[in-house]
Protein chains: 2
Amino acid sequence: MTDDNIIYVGNKPVMNYVLAVVTQFNNGADEVLIKARGRAISRAVDVAEISRKRFLSEVDVKDIAISTESLSTETGETNVSAIEITVGK
Amino acid sequence: MTDDNIIYVGNKPVMNYVLAVVTQFNNGADEVLIKARGRAISRAVDVAEISRKRFLSEVDVKDIAISTESLSTETGETNVSAIEITVGK
């Protein structure tokens, strides 16, 4: 999997990321990794669900992993949850 | 798994749900299912991560599933993403 096949989900509208996922598969990708942290985790799940239910009927969820990442901020170390959803044919 | 072993994550503070998970394991449960919909999905991931990293070192994530649920609202049908995280010993 190349870096192009990783979609980082942030605060933009969910359809922006769905379009990015669909584009990856239309360009020949077999798998796409959808990543998000913190409150964007809910949106990442939306991206995976909308992509496969509405646009990519041959694509399914292959793997889901959750983890905790440590971030350095002005006020010190803080922990944030993260998710990685692998969708593929 | 009995109904008691299902924790529904909503809009309360995350530690409320962590306490519920820890209590289930302390009462002898081998597995707990953490469920959430919509924007509470991010909080459900926090609950799983905080429970296992900070309180329950012998507990790990066993399975994660995502799905789409259809809700009836005043304005018609609407879809919402959902997550189910199984944590167990």
Side-chain angles (χ1 to χ4, degrees), chain A residues 7-18 20-22 31-71 73 76-88, chain B residues 7-18 20-22 31-71 73 76-88:
Chain A
I7 308 290
Y8 293 92
V9 175
N11 292 318
K12 292 180 190 166
V14 68
M15 292 310 288
N16 292 31
Y17 304 107
V18 171
V21 171
V22 172
E31 280 192 345
V32 173
L33 183 60
I34 302 165
K35 297 180 77 163
R37 292 198 294 208
R39 274 180 285 183
I41 288 174
S42 308
R43 190 171 290 119
V45 174
D46 288 340
V47 170
E49 285 294 294
I50 294 171
S51 296
R52 73 191 182 97
K53 297 249 168 172
R54 213 187 293 175
F55 296 102
L56 301 160
S57 55
E58 79 278 26
V59 166
D60 213 340
V61 174
K62 297 292 183 188
D63 188 48
I64 307 173
I66 61 176
S67 59
T68 303
E69 296 183 7
S70 188
L71 296 181
T73 65
E77 290 274 302
T78 185
N79 290 324
V80 63
S81 298
I83 197 167
E84 296 188 5
I85 305 170
T86 307
V87 291
Chain B
I7 309 290
Y8 293 92
V9 175
N11 292 318
K12 293 179 189 165
V14 67
M15 292 309 288
N16 291 32
Y17 304 108
V18 171
V21 171
V22 172
E31 280 192 343
V32 173
L33 183 60
I34 301 165
K35 298 181 75 164
R37 293 198 292 207
R39 275 180 285 183
I41 289 174
S42 308
R43 189 171 291 118
V45 174
D46 288 340
V47 170
E49 286 294 294
I50 294 170
S51 297
R52 73 191 182 97
K53 298 248 167 170
R54 212 186 296 174
F55 297 100
L56 302 160
S57 55
E58 78 279 27
V59 165
D60 213 339
V61 173
K62 297 292 183 186
D63 189 48
I64 306 173
I66 61 175
S67 60
T68 303
E69 296 184 7
S70 188
L71 297 181
T73 65
E77 291 274 303
T78 186
N79 290 325
V80 63
S81 299
I83 196 166
E84 295 188 7
I85 305 171
T86 307
V87 292

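Convention: sequence-line order gives letters A, B, ...; per-chain numbering from 1.
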Checklist line | Nearest heavy atoms of B/Ile85 and B/Ala44, plus distance in Å | finding: CD1-O, 3.8 Å
Next item on the list: Give, as side chain, backbone, both or neither, the part of B/Ile66 having an atom under 4.5 angstrom from any heavy atom of chain A.
Entry: both
Check: Can you tell which of A/Ile41, A/Val80, A/Ile64 has the highest number of heavy-atom pairs within less than 4.5 Å of chain B?
Finding: A/Ile64
Next item on the list: Could you walk me through whether B/Val47 and B/Val21 pass the side chain to side chain contact (heavy atoms under 4.5 Å, CB included) test, one step at a time?
Entry: CA-CA 8 Å; B/Val47 170; B/Val21 171; 3.8 Å; yes
Margin query: Counting only non-hydrogen atoms closer than 4.5 Å, does A/Val45 touch chain B with its backbone (N, CA, C, O), its side chain (CB onward), both, or neither?
Written below: both
Give every donor-acceptor pair between chain B and chain A closer than 3.5 Å, one pair per line, or write none.
from: B/Gly38; atom 1: O; to: A/Ser42; atom 2: OG; distance (Å): 3.4
from: B/Arg39; atom 1: O; to: A/Ser42; atom 2: OG; distance (Å): 3.2
from: B/Ser42; atom 1: N; to: A/Ser42; atom 2: OG; distance (Å): 3.2
from: B/Ser42; atom 1: OG; to: A/Gly38; atom 2: O; distance (Å): 3.4
from: B/Ser42; atom 1: OG; to: A/Arg39; atom 2: O; distance (Å): 3.2
from: B/Ser42; atom 1: OG; to: A/Ser42; atom 2: N; distance (Å): 3.2
from: B/Ser42; atom 1: OG; to: A/Ser42; atom 2: OG; distance (Å): 2.8
from: B/Asp46; atom 1: OD1; to: A/Ser81; atom 2: OG; distance (Å): 2.5
from: B/Glu49; atom 1: OE1; to: A/Thr68; atom 2: N; distance (Å): 3.1
from: B/Glu49; atom 1: OE1; to: A/Thr68; atom 2: OG1; distance (Å): 2.4
from: B/Thr68; atom 1: N; to: A/Glu49; atom 2: OE1; distance (Å): 3.1
from: B/Thr68; atom 1: OG1; to: A/Glu49; atom 2: OE1; distance (Å): 2.4
from: B/Ser81; atom 1: OG; to: A/Asp46; atom 2: OD1; distance (Å): 2.5

Next item on the list: Go through the atoms of A/Ala82 and report whether side chain, backbone, both or neither lie under 4.5 Å from a heavy atom of chain B.
Entry: backbone
Item checked: Shortest non-hydrogen contact between A/Val87 and A/Ile34, atoms and distance -> CG2-CD1, 4.1 Å
